[in-house]
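To start, the structure itself, in structure tokens.
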Amino acid sequence: KKKSKKKDSRKTIVIFGASSFVGSNIAESFAQDYRVIGTYKDTPVRIPGVLMMKCDVLEKPHIQQILYTFKPDFTVNNWFLIVTAKCRLI
């Protein structure tokens, strides 16, 4: 007998920046009712029920690959640019 693959009928959410504190909590809260794809740049995290994918949000092809592959119904943009500047005391 062949095993039939069940199509997941849940809506799909992609969370950009799911490895952060806020992003991981958002992903965890949606994981039971939605198919959740989370992204991280350098440090993957394990979140039950969430597929984590490496994605540099500053690279357009990375974002396109995630969106074209998973075709999300919703996206959550939870990434931040942190820019540090050198300060000089006068």
Side-chain angles (χ1 to χ4, degrees):
K1 284 184 173 180
K2 287 184 179 179
K3 287 186 177 181
S4 63
K5 286 187 176 180
K6 279 188 171 181
K7 182 165 171 43
D8 192 341
S9 62
R10 298 177 297 171
K11 292 197 179 282
T12 300
I13 299 176
V14 169
I15 301 173
F16 292 101
S19 61
S20 70
F21 177 77
V22 172
S24 64
N25 280 281
I26 292 170
E28 189 174 348
S29 70
F30 283 116
Q32 189 170 5
D33 300 318
Y34 294 86
R35 187 177 92 152
V36 179
I37 313 317
T39 70
Y40 65 92
K41 182 179 179 195
D42 297 314
T43 309
V45 295
R46 286 183 181 223
I47 304 168
V50 177
L51 174 62
M52 295 297 291
M53 303 292 296
K54 186 172 179 72
C55 177
D56 182 346
V57 295
L58 298 180
E59 297 291 332
K60 184 177 178 179
H62 291 200
I63 294 172
Q64 288 176 324
Q65 180 68 36
I66 296 289
L67 296 177
Y68 293 150
T69 300
F70 297 104
K71 297 176 179 46
D73 298 289
F74 309 100
T75 60
V76 176
N77 297 310
N78 183 61
W79 60 274
F80 305 94
L81 277 178
I82 298 173
V83 179
T84 57
K86 290 184 179 181
C87 295
R88 190 169 67 172
L89 295 174
I90 299 178

*Quick one: do Val76 and Trp79 end up in the same hydrophobic cluster if we chain Ile, Leu, Val, Met, Phe, Trp and Tyr together by side-chain heavy atoms under 4.5 Å apart?*
no
*Picking from Ile13, Thr69, Thr12, what satisfies side chain to side chain contact (heavy atoms under 4.5 Å, CB included) with Ile37?*
Thr12
*Between atom CZ of Phe70 and atom CE of Met53, what is the distance when rounded to the nearest 0.5 Å?*
4.5 Å
*Please report the closest heavy-atom contact between Ala31 and Pro48, naming both atoms and the distance.*
CB-O, 3.7 Å
*Hey, quick one: are Phe16 and Phe21 part of the same hydrophobic cluster, counting side-chain heavy atoms closer than 4.5 Å, chains of contacts allowed?*
no
*Which pair of non-hydrogen atoms, one from Ala18 and one from Met52, has the smallest distance, and what is that distance?*
CB-CE, 4.0 Å
*Go through the structure and list residues passing side chain to side chain contact (heavy atoms under 4.5 Å, CB included) with Ser24, not counting sequence neighbours.*
Ile47
*Who are the ring pair (Phe, Tyr, Trp, His ring centres under 6.0 Å) partners of Tyr34, not counting sequence neighbours?*
Phe30
*asked:* Hydrophobic clustering (ILVMFWY, side-chain heavy atoms < 4.5 Å, transitive) - are Leu67 and Val50 grouped together?
replied: no
*Linking I/L/V/M/F/W/Y whenever their side-chain heavy atoms sit closer than 4.5 Å, directly or via other members, would Val14 and Val57 fall into one cluster?*
yes
*Gap separating the SG atom of Cys55 from the CD1 atom of Ile15, nearest 0.5 angstrom*: 13.0 Å
*State yes or no: do Ile26 and Val45 share one hydrophobic cluster built from I, L, V, M, F, W and Y residues joined by side-chain heavy-atom distances below 4.5 Å, directly or via other members?*
yes
*Between Gln32 and Arg10, which heavy-atom pair has the shortest distance, and what is it?*
O-NH1, 3.8 Å
*asked:* Once side-chain hydrogen bond (donor to acceptor under 3.5 Å, both in side chains) is applied, what residue pairs with a partner in residues 51-64 remain, sequence neighbours excluded?
replied: none
